[in-house]
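A, B, ... follow the sequence lines: proteins, then strands. Residue 1 opens every chain.
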Amino acid sequence: MIRSRLKNLLDQCFQQGVEQGLWSAAAANLYNLESPRHDGQGDFATNFAMLVAGKERRKPREVAEQLAELLRRDTTLLDKVEIAGPGFVNLFLKPTVWSSVLAPIAEQQERFGLCDLGKGMKVMVEFVSANPTGPLTVGHGRNAVLGDAVARLLTAVGYDVTREYYFNDAGRQMRVLAASLKARYLEKLGLPNEFPEDGYQGGYMYDIAQSMIDEAGDGFKDADANVFRKRAQEAIFADIDTTLKRIGIIFDSYYNEHDLYEKGLIEDVVAELRGKGLVYEQDDATWFKTTEFGQPQDRVIIKNTGEPTYRLPDIAYHREKFRRGFERMVNVFGADHIATVPDVLAGIEALGYDKSKVQVLMYQFVTLLRGGKQVKMSTRKASYITVDELVDEVGIDAFRFFFLLRKSDSQLEFDLELAKSQSQENPVYYVQYAHARLCSIERLAEERGIALPEPASTDLSHLQEAEEYQLLKTLAAYPGLVADAAETLAPHRLIFFLMELAGQFHSFYNKHKVMTEEAQLTAARLCLCQGIKTALANGLALVGVSAPERM
RNA sequence: GCGCCAAUAGCUCAGCUGGAUAGAGCAACGGCCUUCUAAGCCGUAGGCCGCAGGUUCGAAUCCUGCUUGGCGCACCA
């Protein structure tokens with residue numbers, strides 16, 4: 001808001017300079033307006049002069065002086081304009097400008113920070129998408145939290161977001177699952193059984209077997225593999241769903257790979273690719289000419305058994321996303337899954353769709369430490385930590401916050417002992433505590449019979465302390481930060497912002513009293529506090545973390 | 001061998017489209033509760049931003065090469 005007003009002013013001055021022949025239009029849209037890191041460098045600074053000087057082989061300070069001259073004519077925003085360093089033009093705002101952020105916050109409340117950047121565009125966020133072979137584990141947890149936060153952010157900036165879960169309940173994996181369940185079932189009945197070599201060893205298989213025994217005794221002992229597959233799938237999927245709901249993640253739709261087969265969409269894709277001459281037969285298999293799309297080698301899409309590889313349904317699925325009208329698609333994938341992406345992109349490109357509309361948000365692995373040692377995880381071997389176990393230990397808020405604390409393409413180290421022992425000093429509490437403190441101040445005001453003031457009708461010029469000034473600046477940056485975090489699919493940026501805002505508030509709180517003897521100062525500070533509280537609450541909501549009123 | 005990701009303080013990590021003296025949190029050390037919640041605050045100490053070149057007025061940030069670590073490289077998903 002304030003920043004964009006200033007940017008407009010800068011653009012105007014640039015134009016005026018062009019008209020007056022001070023400089024050419026060569027640097028249009030190249031210069032930027034940034035926030036200097038150090039004190040004494042103004043509220044904003046621009047590298048304008050250095051860029052213009054670079055283009056025109058002039059002295060930066062000379063250009064800076066000309067720009068400063070134009071800027072100084074403004075009387076609404078600027079207090080003073082200085083030239084510093086190699087040619088920065090530092091802009092100092094009038095003291096009252098910053099406090100003008102509070103009125104809009106009070107007015108917008110929970111809408112503060114939202115915008116319409118997405119213009120209602122339909123976007124799909126596909127995430128989790130775990131096949132129903134076992135409980136969600138730590139890696140899925142990162143996927144789930146990341147995908148959900150991205151979905152919330154995109155919604156906040158005006159996209160029409162659909163959260164979708166894509167799964168497959170057929171194929172080899174599920175056959176092994178069925179065989180594993182059957183073996184456990186027979187084992188429990190004391191009957192001879194053959195547990196598959198690469199079977200799923202998790203204890204949950206025994207639970208499902210027991211439920212079958214409870215229901216029908218040994219009535220399933222001669223049942224078809226399909227029966228076991230269905231039982232296993234349904235039970236496991238129900239658990240996954242429960243886990244997701246528990247951490248506050250609700251999907252708008254589930255897409256079963258099976259549908260693609262039923263609707264004949266798989267054959268359609270093959271026929272269409274064949275029509276374009278991009279498919280050929282070799283060694284009894286069907287190949288897709290991915291080399292035509294810059295891949296190092298062609299890939300099999302139908303095996304010699306007649307069964308498609310994962311690529312084919314994936315391509316068909318993505319085509320369905322386009323057909324369903326999504327204009328932007330975000331897929332959240334773990335690093336191990338990433339190799340499949342180029343093939344799918346090649347497929348949709350081959351089918352005539354714009355692959356740049358598909359965006360992959362890749363996250364690196366979660367390294368799990370127990371007692372300082374790395375735990376190797378495998379769903380089959382049942383050596384894993386589940387999302388539920390993790391949530392039991394650290395709580396939902398810490399669980400979500402922790403997974404968003406690092407950018408997605410960094411590996412994340414999750415030390416179980418540390419997570420447990422830190423549960424009292426986890427960064428999430430730092431932010432939540434700031435919110436609780438703010439609520440506490442409001443309660444006190446109420447007790448003392450002080451009505452919460454409206455910023456629009458309060459004299460905010462009393463906010464003159466450095467800490468107050470800093471807080472106002474940070475609040476003003478919030479909407480832009482949300483937009484940035486959404487566009488770059490980077491929820492961790494929001495997390496860091498919240499920690500910074502909370503930190504600034506804690507400092508302020510320790511140094512200055514809100515409830516003072518002076519009614520006007522108190523009123524102004526209460527306005528500031530309400531603004532901070534709103535920003536914290538809104539930011540926490542955007543990452544799915546609660547904002548407690550008491551702690 | 002090829003591809004993707006990473007490399008910043010003792011540890012775990014930020015650093016937005018390149019900008020002016022490098023930032024947190026833990027851990028270490030020293031302070032602050034008769035005053036709005038000490039799950040807090042203040043201070044000290046700690047860094048050839050993996051290495052070497054290049055582009056630029058200016059590089060942790062961009063480019064190239066190299067080193068180290070992770071993940072992939074199926075007619076598994």
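In a base pair of the Watson-Crick type (N1 to N3 plus N6-O4 or O6-N4) or a G-U wobble (N1-O2 and O6-N3), with each distance short of 3.5 Å, C16(B) is matched with no nucleotide. Applying the Watson-Crick and G-U wobble criteria (two distances, each under 3.5 Å), C33(B) pairs with nothing in any strand. Pair assignment for C66(B) gives G50(B), based on Watson-Crick or G-U wobble hydrogen-bonding distances that are each under 3.5 Å. Both distances falling under 3.5 Å, in either a Watson-Crick or a G-U wobble arrangement, occur for no nucleotide opposite A38(B). The nucleotide U55(B) finds no pairing partner, because no Watson-Crick or G-U wobble arrangement with both distances shorter than 3.5 Å includes it. When both pairing distances are held under 3.5 Å, G25(B) makes a Watson-Crick or G-U pair with C11(B). Pairing partner, C71(B): G3(B), with both Watson-Crick or wobble hydrogen-bond distances short of 3.5 Å.
Counting heavy atoms from C-beta on, the side chains of L526(A) and M515(A) come closer than 4.5 Å. Contact annotation: the side chain of D484(A) approaches that of R493(A) to within less than 4.5 Å [non-hydrogen atoms, C-beta and beyond]. A heavy-atom distance below 4.5 Å is found between the side chains of Y31(A) and D11(A). Two residues are said to be in side-chain contact when any heavy atoms from C-beta on lie closer than 4.5 Å; I266(A) and P308(A) meet this criterion. Between E467(A) and H512(A), the closest side-chain pair of non-hydrogen atoms falls below 4.5 Å. Taking the side chain as every heavy atom from C-beta outward, L30(A) and K55(A) approach each other to under 4.5 Å.
In this structure, I441(A) places its CD1 atom 15 Å from P of U35(B), rounding to the nearest Å. Between the CD atom of E413(A) and the C1' atom of C26(B) there is a distance of 13 Å, rounded to whole Å. Between the C1' atom of U56(B) and the CG atom of L30(A) lies a distance of 14 Å, rounded to the nearest Å. The separation between M499(A) atom CE and G23(B) atom C1' is 12 Å, rounded to whole Å. Taking atom CD of residue Q504(A) and atom P of nucleotide G25(B), one finds them 12 Å apart after rounding to whole Å. The distance between atom NZ of K513(A) and atom P of C33(B), rounded to the nearest whole Å, is 14 Å. A straight line from CG of D39(A) to P of G23(B) spans 11 Å, rounded to a whole angstrom. Here the C1' atom of nucleotide A24(B) and the NE2 atom of H492(A) are 13 Å apart, to the nearest Å.
The phosphate of G15(B) has OP1 or OP2 within less than 4.0 Å of a side-chain N or O from K407(A). Considering only side-chain N and O atoms, Y430(A) lies under 4.0 angstrom from the phosphate OP1 or OP2 of C41(B). The side chain of T488(A) places no N or O atom within less than 4.0 Å of a non-bridging phosphate oxygen (OP1 or OP2) of U17(B). At A39(B), none of the side-chain N or O atoms of H506(A) fall inside 4.0 Å of OP1 or OP2 (strictly under the cut-off).
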Strictly under 3.5 Å: I want the nitrogen or oxygen pairs between protein and nucleotides 47-50 of chain B, one per line.
none

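Here the two rings, on F497(A) and Y478(A), have centers that are under 6.0 Å apart. Between Y317(A) and Y255(A), a ring centre-to-centre spacing shorter than 6.0 Å is recorded. Taking the six-membered ring for Trp and the full ring otherwise, F44(A) and F88(A) have centroids separated by 6.0 Å or more.
Residue R37(A) is classed as a sugar-phosphate contact, given heavy-atom separations below 4.0 Å to backbone atoms only. Contacts of A45(A) with the nucleic acid, taken as non-hydrogen atoms under 4.0 Å apart, include base atoms. Within 4.0 Å of P296(A), counting heavy atoms only, lies no atom of the nucleic acid at all. At the heavy-atom level, N29(A) lies nowhere under 4.0 Å from the strands shown. The residue S440(A) sits close to a base: some heavy atom pair falls under 4.0 Å. Base engagement by Q41(A) is indicated by at least one non-hydrogen atom pair under 4.0 Å involving a base atom. Residue-level contact check: F496(A) touches the backbone only, with heavy atoms under 4.0 Å from sugar-phosphate atoms and none from bases. Using a 4.0 Å heavy-atom criterion, one finds that A485(A) contacts no nucleic acid atom at all. Among the atoms of the strands shown, none is found under 4.0 Å from any heavy atom of H435(A).
The P atoms of G53(B) and G46(B) are separated by 28 Å, rounded to the nearest whole Å. G47(B) sits 26 Å from G31(B) when the C1' atoms are compared, rounded to a whole Å. For the C1' atom pair drawn from C51(B) and U8(B), the interatomic distance equals 15 Å after rounding to whole Å. Atom C1' of C62(B) sits at a distance of 31 Å from the matching atom of G10(B), rounded to the whole Å. Across C13(B) and A9(B), the matching C1' atoms stand 11 Å from one another, rounded to whole Å. Rounded to whole Å, the P atom of U17(B) lies 14 Å from the corresponding atom of A7(B).
Scanning all heavy atoms of the two residues, the minimum distance from Q233(A) to F167(A) falls at NE2-CE1, 4.3 Å.
Heavy-atom distances to RNA chain B give each of N90(A) and L444(A) a nearest nucleotide, and the one nearer the 5′ end belongs to N90(A). The residue among C439(A) and R493(A) whose nearest nucleotide of RNA chain B lies closer to the 5′ end is R493(A).
Neither side chain, N168(A) nor N256(A), offers a donor N or O lying under 3.5 Å from an acceptor on the other. Side-chain contact check for K321(A) and N331(A): at least one donor-acceptor pair (N or O, by modelled atom type) lies under 3.5 Å.
Nucleotide C26(B) carries an anti base; the chi torsion (O4'-C1'-N9-C4 or O4'-C1'-N1-C2) is more than 90° from 0.
Between C13(B), C57(B), G40(B), one nucleotide has an atom nearer to the side chain of M50(A) than all others, and that is C57(B). Of the candidate nucleotides G19(B), C41(B), C16(B), G19(B) has the atom nearest to the side chain of F88(A).
With a 6.0 Å cutoff to the six-membered ring centre and a 45° limit on the axis angle, R311(A) does not count as a cation-pi contact of F288(A).
Contacts of residues 56-63 of chain A with RNA chain B (heavy atom under 4.0 Å): none.
No side-chain donor-acceptor contact under 3.5 Å links Q295(A) to the backbone of T291(A). With H140(A) contributing its side chain and T137(A) its backbone, the two residues share a donor-acceptor pair below 3.5 Å.
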- Produce a footprint string for nucleotides 72-77 of chain B: one letter per nucleotide, 5' end first; B if the base is under 4.0 Å from any protein heavy atom, S if only the sugar-phosphate is, - if neither. S-SBSB
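At most 12 heavy atoms of other shown residues, nucleotides or ligands fall within 6.0 angstrom of atom CD in E446(A).
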